[in-house]
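Here the structure is laid out as structure tokens; the discussion comes afterwards.
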Amino acid sequence: MNIFQVAYKNLWRRKTRTLFTLIGIALSTWVLVTLLGFNKGYEQSLNENIEGMGFQIVLTAKGCPYEAATLMLKGGTGLRYMPEALVRDVAQKTEVAAAAEMLMHAEFDPNKGESGGTIVYLGIDPATYSPMKPYLQFAQGDWFASAAAGEVVLGYEAAELEQREVGDLMLLPGSTQEYKVSGILKRTGTQDDGMIFLPLQAAQKVFDKAGLLTMLGLRLKPEADQTVFEEELYQLPDVQVVSMAQVKNTILSLVASAKVIVLSIAFIAFLIAMFGVLNTVLMSVFERFQEIGILKSMGALPQNVFQMILIETTLLCALGSLAGISFALGFSSLSETAIRQLLPFTPNGRLIIIGWPVIIFSFVSITLVGIVGGVYPSLRAAAIRPLDSIRSEE
Amino acid sequence: MDTFITAQNLTKIYTRGAEKIYALNGATFSIARGAIVSVVGASGSGKTTLVNVLGCLDNPASGTLTVNGRQIFAGKLKLSETELTKIRREIFGYVFQKFFLLPTLTVKENILLPSVFQPRLRASGDRLAEILQLLGIAHRKDHLPGQLSGGEMQRVAIARALINNPSVLIADEPTGNLDSKRSEEIKSLLLDLNQKQNLTIILVTHNPELAKIGNQILELKDGTIQES
């Protein structure tokens with residue numbers, strides 16, 4: 001038998017109290033792991049979403065820049081349009097490596113999901129759009145054969161939702177012509193998953209937006225100075241210039257405020273864990289006042305008693321934080337669903353990413369904080385004199 | 001029999017407000033190796049104070065204490081808690097009225113508990129088997145204290161006190177929580193241990209029957225010893 005076994009068995013003398021303390025530590029750890037995982041997941045997904053767009057700069061019709069950013073990230077209603085001619089010259093500029101013209105159309109479908117939803121259509125030219133997004137791969141079929149072919153391509157989620165296969169025919173809103181599904185894309189984790197793509201000219205015709213565009217996506221040559229080029233674009237009338245780096249920074253700065261709240265909650269989780277442990281261990285020491293004195297009369301030195309109580313604390317914290325990490329891993333999908341319900345904007349992809357660094361940091365920090373909470377009771381225990389415990393027996 | 005413990009002019013004073021109470025007032029005596037010493041006296045006469053000082057649980061105010069030729073206390077020099085513990089773990093084993101067994105440890109584990117804190121003196125499996133046999137609790141070694149009778153619990157407490165081969169067993173009211181039958185069993189056991197192991201036993205008791213096993217009786221009255 002060794003001191004670890006004695007400490008472990010001591011923990012289970014008051015099973016209910018130990019269990020509740022473990023639950024308290026586990027909950028604190030769960031909160032911490034989930035928040036840290038969210039912190040990482042949100043930022044990573046946002047980066048992936050923005051980088052997944054494949055554009056460095058997007059031109060939209062003049063309006064609210066945040067609305068423009070949301071439009072690009074999520075698609076949406078309240079779309080604004082700009083004349084093709086207004087931005088066509090931009091695509092010819094020497095700094096531009098590639099440009100993709102797009103017309104977006106959003107249509108509310110009462111049959112989508114449980115309470116209806118918006119279906120987003122995107123008119124594109126595959127010759128300009130797909131080079132911008134080299135990650136796009138087809139699960140079935142290919143891009144439309146020509147602008148006049150009467151074909152559409154579905155994103156992964158759109159195909160799932162519409163229950164379509166390649167070769168199926170579908171009607172577009174406002175059109176009596178049936179469009180054939182020429183291809184279904186593989187999952188990308190970006191906004192493209194929910195889109196229904198059709199040729200740009202067909203989209204302009206079907207949605208009655210001849211000569212109009214919603215966006216022009218630009219990728220610059222490596223040697224081009226993006227800041228200077230953006231300054232040049234700002235001079236264009238009636239055009240909103242949205243730099244994807246700016247969008248990312250804007251959203252991340254908004255998220256930064258949320259991060260402060262997240263870290264405050266994490267700090268509170270730390271405090272809850274620490275005071276929970278302090279209270280439990282201190283109560284346990286008071287209850288075992290005589291017994292600890294007797295152990296010292298048997299030859300236990302103050303440092304032996306300190307070590308024993310601190311081992312109890314460490315075991316308690318380590319077990320609690322392991323349980324909390326398991327909860328966080330096991331219920332991350334549930335937490336993610338809850339967060340998606342609560343936040344107004346969430347990027348596609350995983351919102352909570354719990355990697356080894358988060359697990360190790362949470363385990364070590366909660367355990368250390370708990371141990372700090374156990375130091376005072378351990379010192380109290382080490383200071384108990386056998387004589388006092390014997391006197392209290394009389 | 002050779003002298004094992006010598007006490008000279010041991011004094012212990014407690015203060016209550018301005019009043020000084022002499023719990024020990026110049027106690028002088030010696031104890032031979034292998035003796036059974038019964039410490040008796042009325043409540044508050046200083047019995048427990050005496051065994052606390054003898055057992056190195058407390059420092060005397062003054063006086064000299066020598067155990068096995070080693071001077072423990074001399075004059076007004078005080079020993080720290082750690083120094084007292086180091087002496088205790090080498091020389092003494094303690095048994096109290098309450099058994100103080102850890103409820104989550106088995107009989108075997110409770111007996112081995114002192115060894116946990118004294119790796120240098122860690123008891124062997126043979127020593128454990130010997131102690132279990134000697135105390136008649138071998139068949140109970142894997143039971144928890146809650147499954148034992150009062151007498152068995154006190155046997156376990158005695159086994160725990162003896163596991164590291166102490167020279168002196170200090171038993172403070174060892175039968176105080178037991179009925180007469182169990183008290184008789186413990187009395188016989190103490191006598192047996194004394195005879196077979198040549199163990200020096202210092203016994204504090206209110207029980208006149210138990211006190212009779214002592215071949216030396218220290219009767220305390222107001223901190224003063226009347227030896228018989």
Side-chain angles (χ1 to χ4, degrees), chain A residues 1-19 280-281 284-312 315-316 319 378-394, chain B residues 14 43-44 47-49 51-53 55-59 80-106 108-123 128 144 157 160-161 163-164 166 170 172-173 176-177:
Chain A
M1 194 172 60
N2 57 45
I3 199 163
F4 286 93
Q5 288 167 300
V6 176
Y8 179 78
K9 291 196 169 190
N10 275 339
L11 274 183
W12 299 106
R13 291 171 70 166
R14 299 273 183 183
K15 288 190 182 70
T16 313
R17 189 171 64 199
T18 300
L19 207 61
T280 302
V281 181
S284 158
V285 166
F286 286 148
E287 278 175 8
R288 291 188 284 157
F289 177 78
Q290 285 190 330
E291 185 185 296
I292 291 167
I294 300 301
L295 288 180
K296 292 179 89 174
S297 77
M298 283 184 225
L301 293 167
Q303 55 264 42
N304 296 138
V305 175
F306 181 86
Q307 192 186 8
M308 184 180 76
I309 303 294
L310 212 58
I311 290 171
E312 285 178 31
L315 284 172
L316 195 66
L319 289 173
S378 303
L379 286 172
R380 287 289 298 259
I384 291 172
R385 296 197 317 150
L387 191 64
D388 296 331
S389 62
I390 291 164
R391 278 191 190 135
S392 75
E393 187 202 9
E394 288 168 347
Chain B
Y14 296 112
S43 291
K47 320 188 277 299
T48 298
T49 304
V51 291
N52 286 346
V53 171
C56 295
L57 289 164
D58 201 2
N59 281 288
S80 71
E81 189 54 47
T82 302
E83 287 167 323
L84 287 173
T85 305
K86 283 181 179 166
I87 294 166
R88 281 199 301 269
R89 54 165 49 167
E90 286 172 28
I91 301 173
F92 299 101
Y94 301 85
V95 176
F96 301 97
Q97 183 174 345
K98 287 186 192 170
F99 320 117
F100 292 117
L101 303 178
L102 299 200
T104 47
L105 301 186
T106 62
K108 187 173 72 180
E109 289 167 338
N110 265 292
I111 294 171
L112 288 172
L113 199 53
S115 298
V116 169
F117 303 110
Q118 302 173 58
R120 210 162 45 85
L121 303 173
R122 190 153 283 171
L128 175 69
L144 292 170
R160 184 180 62 185
I163 189 70
N164 284 341
I170 295 180
D172 195 351
E173 299 283 7
N177 264 350

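A note on names: the letters A, B, ... follow the listed sequences, proteins ahead of strands, and every chain is numbered from 1.
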Quick one: closest heavy-atom pair of [X] and [Y], and the distance?
X       : Y       : result
L105(B) : K9(A)   : CD2-CD, 3.4 Å
V116(B) : N2(A)   : CG1-C, 3.9 Å
R88(B)  : K296(A) : NH2-O, 3.1 Å

Do the side chains of [Y] and [X] get nearer than 4.5 Å, heavy atoms only?
X       : Y       : result
M298(A) : F117(B) : no
S297(A) : F96(B)  : yes
R89(B)  : L301(A) : yes

Rounded distance (nearest 0.5 Å) linking atom CZ of R385(A) with atom CG of L57(B): 10.0 Å
Once rounded to the nearest 0.5 Å, what's the spacing between atom CG of L295(A) and atom OG1 of T85(B)? 11.5 Å
Quick one: which of Q307(A), R13(A), Q5(A) has the most heavy-atom pairs under 4.5 Å with chain B, could you say? R13(A)
